[in-house]
Amino acid sequence: MGLQFYDTRARCKRDFEPLQDGRISLYTCGVTVYDRCHVGHARSLIFFDTVARYLRWRGWDVCFVRNITDIDDKIIARAAENGEPWQDLTARFIDSMHADLDRLGCERPDVEPRATEHIEEMLELVARLEEQGLAYAVGDGDVYFSVGDWPAYGALSGRRLDELQAGARVEVDDRKKGPMDFALWKSSKPGEPCWPSQWGEGRPGWHLECSAMSARYLGRPFDIHGGGEDLIFPHHENELAQSCGAAEGEEFARYWMHHAFVRIDHEKMSKSLGNVFAIEDVLKEVEAEGLRLHLLSTHYRSPLDFSPDGIDESTRALLRVYETIARADEAGAVDPGFDFDSPETARLVELMDDDFNTARAIALAFDAMRDCNRELDAGNLRAASTARGILAAVGAGVGLFEQDPATYLSDYRERAAQSGGVDAGLVEELVAARVQARTDKDFQKADTLRDQLVEMGVVLEDGPGGTSWKLER
RNA sequence: GGCGGCGUGCCCAAGUGGUUAAGGGAGAGGUCUGCAAAACCUCCAUUCAGCGGUUCGAAUCCGCUCGCCGCCUCCA
């Protein structure tokens, strides 16, 4: 068995065969930078980060490209609203996105191309489409793709042109030949950002950038194209049409992956519904890796209801993992460093190879955690190391459990103390006093001190290495 | 209207034809401990929205009903 995953176009799981042996080209749609990223973006970013990590860990040479859309109507509108140059706006939100990514433990893609840096490639594409008779210019320099002249339109999303009945919800521009025709190039109004072209000054249509940039960095065809499920139609359908159309039907993306949404109270989280939670704000309340674990605990093709309580539950589980790792480290149960082809990781590979089942991989990590603790209890260092190795392998494959455990634990404590308004210095004093009382066998005093700490929400642990404390959640 | 998805224990969630329905959180009991905590052990769905059907066998396939959601417009 090799890797297989659900291909949106085929509507079923397919065995994955890379175009070139040992190499994988992956393109995913990133964000439009006119605002801060929200938890829905986090799911997308984290999931595809996990895909890239796993494929690499699995032994493939991956080229991961994720675009940044830094020119579009919303950006122009928002910049005008703020009274700032649009470049300042996009630069700010690109920085913000990078900060979010770092905190969420996402590696940077190999290439992070921006739409505005590939105008030339896009214009070439439009020219080729025009040559093929698939694009036409109207009026003052708008260029459209002629959907009616592209018979394969609808193949990805499973829609038929006659069923789309455009205009049901949107006013149809009567300059277009067909109601579903979409803009490749939009003429600019005075004062709007624009680039020169043979059709006049303007800017690219939304879908064009991905066609141009994927071809530029990954060639054609490439292996995997991913994004959120709302992009299937029309964005990816349009990308597919214009990419193939410009290349006389040559294949575009060989596999399509789409993840489900994050919801709020059973409704899609989206800017238009106004129920978004910015990553930056959420991370003030919950821990970043806890959020990552939580988002990966649900299979990527299932909707996930966002709730801070749910993240807290995951964070509690995560704390146990780090406590176990710290314990193993102290005991000298070192990670043997299992590779993807070690017999010990066969189960992990099997689970992740089956449509990236991160939920089951995480369950496997929890099993390994229990095994590790049990073996440590029994003093079986060798067996504990094996369990520790499985835990590390899951972590490497999925992008979890990779912080230094001592640092994690002290950060955790500090964070809890801060949010609970507890004076860590005072706690240390009381703990020290209790340790002394215990040494003196004055258990009554020790218990009084403990009661005092309990009231502050402090939980004590008397271990062989001394007494440690943490805040109960 | 067209297309698609979802409904699993107190909560989250995996599983999509075949021995005991993963895992996490919460809860209960136990071992350990000066007492605790942590860790470990045990328990916690004869049952998978409901009703029919196919099958030797279904949470898993088919049909209907109820409830919820997504796409068809910008959207991760």
Per [X] side chain, nearest of listed nucleotides [options]:
X        : options             : result
A/Ala359 : B/A14, B/C72, B/C35 : B/A14
A/Glu461 : B/A37, B/G70, B/A76 : B/A37
A/His38  : B/A76, B/G24, B/G2  : B/A76
A/His299 : B/A39, B/G15, B/G70 : B/G15
A/Arg434 : B/C40, B/G34, B/G70 : B/G34
A/Val262 : B/G24, B/C69, B/A76 : B/A76
A/Asp230 : B/C71, B/A38, B/A36 : B/C71
A/Pro234 : B/G23, B/C74, B/A39 : B/C74
A/Asn357 : B/G34, B/A14, B/A39 : B/A14
A/Asp377 : B/G34, B/A39, B/A13 : B/A39

Strictly under 6.0 Å, is that where the ring centroids of A/His118 and A/Tyr217 end up?
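Yes: the rings meet the under 6.0 Å criterion.
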
is_close_aromatic(A/Phe252, A/Phe222), centroid dist under 6.0 Å:
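Yes; A/Phe222 has its ring centre under 6.0 Å from that of A/Phe252.
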
side-chain N/O A/Arg320 vs B/C40 OP1/OP2, d < 4.0 Å
yes

On the nucleotide B/A14, are OP1 or OP2 found under 4.0 Å from the side-chain N or O atoms that A/Ser302 carries?
yes

Ignoring hydrogens and angles, are the base of [N] and the side chain of [X] linked by a donor-acceptor pair under 3.5 Å?
X        : N     : result
A/Glu313 : B/G24 : yes
A/Arg438 : B/G34 : yes
A/Asp447 : B/G34 : yes
A/Arg370 : B/C40 : no

Which is true for [X] with a 4.0 Å heavy-atom rule: it touches a base, it touches only sugar-phosphate, or it touches nothing?
X        : value
A/Phe261 : base
A/Arg374 : sugar-phosphate
A/Gly30  : sugar-phosphate
A/Gly310 : nothing
A/Asp73  : nothing
A/His258 : nothing
A/Arg301 : nothing

Nearest-Å distance for atom pair [atom1]/[atom2], residues [X] and [N]:
X        : N     : atom1 : atom2 : answer
A/His266 : B/C12 : NE2   : P     : 8 Å
A/Lys268 : B/C72 : NZ    : P     : 7 Å
A/Asp462 : B/A38 : CG    : P     : 12 Å
A/Asp312 : B/G25 : CG    : P     : 13 Å
A/His294 : B/C11 : NE2   : P     : 15 Å
A/Gln4   : B/U16 : CD    : P     : 11 Å
A/Arg360 : B/G24 : CZ    : C1'   : 15 Å
A/Phe356 : B/G15 : CZ    : P     : 14 Å

Between atom OG1 of A/Thr50 and atom CE of A/Met352, what is the distance when rounded to the nearest 0.5 Å?
6.5 Å

G-U wobble or Watson-Crick pairing nucleotide for [N] (cut-off 3.5 Å, both distances):
N     : value
B/G1  : B/C72
B/A13 : none
B/C32 : none
B/U19 : none
B/C61 : B/G53
B/C66 : B/G7
B/C43 : B/G27

For nucleotides [N] and [M], find the distance between their [atom1] atoms and express it as a whole number of Å.
N     : M     : atom1 : value
B/U20 : B/U8  : P     : 23 Å
B/G15 : B/G9  : C1'   : 15 Å
B/C56 : B/A76 : C1'   : 47 Å
B/C12 : B/A26 : C1'   : 11 Å
B/A49 : B/C66 : C1'   : 8 Å
B/G67 : B/A21 : C1'   : 24 Å
B/C32 : B/C41 : P     : 16 Å
B/C35 : B/G30 : P     : 14 Å

For A/Arg382, is the CZ atom crowded, meaning more than 12 foreign heavy atoms sit under 6.0 Å from it?
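No, because the 6.0 Å sphere around CZ of A/Arg382 holds 12 heavy atoms or fewer from other groups.
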
Do other residues, nucleotides or ligands put more than 12 heavy atoms under 6.0 Å from the CD atom of A/Glu428?
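Above 12, so yes.
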
First of A/Leu231 and A/Tyr300 reached from the 5' end of RNA chain B, by closest nucleotide:
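Nearer the 5' end of the strand: A/Tyr300.
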
Assign each of A/Val31 and A/Ala363 to its nearest nucleotide of RNA chain B by heavy atoms, then name whichever residue's nucleotide is nearer the 5' end.
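Its nearest nucleotide lies further toward 5', so the answer is A/Ala363.
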
Are the ring of A/Phe366 and the base ring of B/G23 both nearer than 5.5 Å at their centres and tilted by less than 30°?
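It does not: the ring fails the test against the base of B/G23.
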
Short question: side chain of [X], backbone of [Y] - any donor-acceptor pair under 3.5 Å?
X        : Y        : value
A/Asp181 : A/Gly178 : yes
A/Arg450 : A/Leu460 : no
A/Asp462 : A/Thr467 : no

Residues that A/Asp73 engages under side chain to side chain donor-acceptor pair (under 3.5 Å), provided they are two or more places apart:
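With sequence neighbours excluded, A/Asp73 shows a side chain to side chain donor-acceptor pair (under 3.5 Å) to A/Lys186, A/Arg203, given in chain and number order.
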
Between A/Lys13 and A/Asp354, does any NZ, NE, NH1 or NH2 come within less than 4.0 Å of an OD or OE carboxylate oxygen?
yes

